[in-house]
Structure formats: C-alpha cells, structure tokens
Amino acid sequence: MRPERGGAKRLCVPALRLAALVLWGVLSAGALNNGLAKTPTMGWLHWERFMCNVNCREQPDACISEELFMKMADVMVSDGWKDAGYEYLCIDDCWMAPRRDSNGRLQADPVRFPGGIPRLADYVHSKGLKLGIYADVGNKTCAGYPGSFGFYDIDAQTFANWGVDLLKFDGCYCDSVDHLIDGYKYMSLALNKTGRSIVYSCEWPLYVWPFRKPNYKEIQQYCNHWRNFADVYDSWQSIKKILDWTSSNQEEIIGVAGPGAWNDPDMLVIGNFGLSWDQQITQMALWAIMAAPLLMSNDLRNISPQARALLQNKDVIAINQDPLGKQGYQLRKENNIQVWERPLSNLAWALAMVNQQEMGGPQLYGISVDSLGKGVACNPSCSITQILPVKRKLGIFAWTSSLKAEINPTGTVLFLLEITQKT
Ligand code: GLA
C-alpha cells in the first residue's frame, strides 16, 4: 500500500495546463487565501483505526461505509465532540468504487455507500458537522482506487457539488516528484475555482523529502495543512519518531506555520490500543504545542471516559487552537527530558516537559523560569497552572524562581504560563 514512485509514464499534470498553473502561481504570491483553517482543523479521520476494511459482511461495524460515518456523526454530536470543537468528519482511502462513471466522475462504492457521498454530506451537515474526503494526486490512491491524475478539475468540481468541506490529497502512484508538486498546486487551484470552501490537506512534503528538501514557503501558499512524516501507528514508538522528526527539523518547518497553514504530524490515536495513559497524555500535550490539526482516529462509539476527557480537555484544546497560531518547538533536551514551549496570545506560553526514559519511576526535573519564553514569559513574574496530567494552579513564580515537576516515564507535564503585569 505504500507509494510506488516508478512505473507510470504519464505526467501528473498535462503540459498545457502547466502554463496556466505557473501564471496563477505568479499572480497569487501570498499564502493560501481561502480563509479556512485559521486555527488547526479539528475532527475525525477514519484511517488509523479502520484502515481499508471493506469487509462489511463479516465486520459491519468496522468497514468503510456510509453507516460508519453516519454513526460517528451521531456520536460526535451526542457525546460532546462537536461542542469541544471537533467539526470535520473525514473519510480516508477506500471509499471509492473501483472505476469512474461514464462521465469520468469518481463514484462511491455503491454497496457500502448506497446513498452516495451527497446523502452522507447532507446527513453530516444536518448534524452541524462538515465532511472531509480523500483522493490522490497520482494514478491511483495508496490502496489502489482511482487516482485524480488527469481529472483534477472534474474531481474538484465533483467534491464541491457533493458538498464536501475538506480534501485530503495523498501522493501515491505519481511518476516524478516534479509532477507530484505540480499536481498538488493544480488541485489547490481547481478547488479554489469551484467557489466552495474546501480545506486542502496535503501530503506534499512527505513525498518530496526522499528526493530533496521541500519548499515549505511554496507549500504553505497552496495547502491548509501538510503531512511531513510517515503515517502514525497506534504505538509509542510511532509517536516518539514523529516528535523526534519534528524537533530535528523544527528550524525548517515551524516558521511557515500560522493561521491557514499548519504542519500535520498525523492523527491522534488516543482511545485505541497501543498507548499507555501517560503516552496518550504526551500525544495530546505535544499536538497542542505543535499547533497540529487534531484529527482523531479512534472509535468514538466505544471509547473510555478517561480518553474522552483527555481529548475533550478544554484547556489543552485552547492551547492547540490559540489564535496567535504560532507553532511551538523543542527548547531543550537534557538526558531523557525534553522541554517544549509555544508562544500564545496575550503573552502567555505553553510549556511541556516530556520524560523519554523508559525505565525507573517519575523523574524530578527543574528549570529556572527566566529561561522560558525567550526570557520574557515570567518577567517580572507569572502565574503557572499545570494543565496535564491534572489541572492544578501552582501560583505566582518570580523570574528568579524555578519550576519543578515529576514526570512519569513516557509521560508529559503540560503547563500554562501567564505573565503578571508590573504593579
Ligand atoms: C497513505 C497516507 C495515510 C492514508 C493511506 C491510505 O499512507 O499517508 O494517511 O491516507 O495512505 O491508503
């Protein structure tokens, strides 16, 4: 199912259209200006939990079908997800019929989606939610369904006609990296041309990295968010790798993030099988620090109250959704302790201490507050609240003091620092 980059000989963008694309690129030098994703997208995406399960006969509750999404929409409303901010219900790969219709349009699998995507979109909208869909820039999707190559305009218009609100555009089965880049740009143009507001979620840099350094300035002009690194798995190793990749490349990627344009470290897997409680806290806290889209992939019909409370934690979501829209970064790494911080609006800062030592008990770690938030977060003093694992007001800290915490192995302690004005 992984991308195949060789093989196909056709270009991803017909040559004639390239001229139009280049012209458009010149005319629209600013950031992707579709007015969407001013804060990181929040919602649910089926891939990590349900993958390409098309076996509705034997697993009717877990196969990719209209029913799965309708039920998830119901629960998103009844169980507080929508109220917490999770708005986009997103379909990933494997929703399509194996062939386009006689007019060249994509169609949903008729057995698994008997009402087609329009009926599902209506249902999702009637619940006050938005619908996301998946397609691919190349000749096939990663799971082998029809790709959008040669059909970008038709597909963009089809999605708009159906009432789709977000497109995740994957990068499998494209014959060259240049054609992949052109295809991503072309689809951005095609979506804009439809006049419908459609969040554009790209995997462009992920597929470019094996060949060269992606041009993030350009990516940010065309996409609302973009995947940089390998698919998330339901495991601590996977979360750790994503965090390591992000901190190693932070110089490259954090500056381009901002309202309308986000780095996407992939789905939240909280509430599944593979992460301990502390590891789930780490994912939630660090996805907030990274200003990441919060796209859960879990079974909302069957999730523990603890995982639900973590995913719906208002204070963490407020950090993630902070309107300043600046992505946080790793400030320091000492032995197995990592310190991350993120500037927030109103001169506040979020701070996370992560313990990556997978041995022993909780580690005590202290940091002088004058080293936080570029030296200004606590000058002359600040009020510090611990947000995770549990909320606790810690009081006022003078800039000469230090902040200490005990951090569980593979866990995180998340704080909010709010400056106290000089009297
Ligand atoms: C790629 C993407 C995943 C998912 C699958 C679907 O691997 O990175 O997020 O969309 O394809 O096949």
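Whatever order the structure lists them in is the order used to number ligands and atoms, beginning at 1. What's counted below: heavy atoms across the whole structure, side chains too, no hydrogens, waters or symmetry copies.
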Contacting atoms of ligand 1, where contact means under 4.0 angstrom from a heavy atom of [X]:
X	answer
Cys142	1 (C), 11 (O), 12 (O)
Glu203	2 (C), 8 (O), 9 (O)
Arg227	8 (O), 9 (O)

Ion pair check, Glu87 and Lys127, cut-off under 4.0 Å: no

Distance-minimising heavy-atom pair for [X] and [Y]:
X	Y	value
Ile181	Glu218	CG2-OE1, 4.2 Å
Gln321	Pro40	NE2-O, 2.8 Å
Asp170	Cys142	OD2-SG, 3.1 Å

Closest by any non-hydrogen atom to atom 9 (O) of ligand 1: pick that one out of Met51, Lys168, Glu48. Lys168

Given Leu45, Asp92, Leu206, which one has a non-hydrogen atom that is nearest to atom 10 (O) of ligand 1? Asp92

Using salt bridge (Lys or Arg N to Asp or Glu O under 4.0 Å), reason through Arg119 and Glu66 one step at a time and then give a plain yes or no. CA-CA 9 Å; Arg119 180 164 88 188; Glu66 170 187 281; 2.7 Å; yes

Checking the N or O distance criterion of under 3.5 Å, is ligand 1 in contact with Tyr207? no

Does any N or O atom in Asp266 lie less than 3.5 angstrom from one in ligand 1, N or O only? no

Checking the side chain of Asn224 only, and the main-chain atoms of Ala261 only, is there a donor and an acceptor separated by less than 3.5 Å? no

Contact region, Thr141 to ligand 1, non-hydrogen atoms below 4.0 Å, reads neither

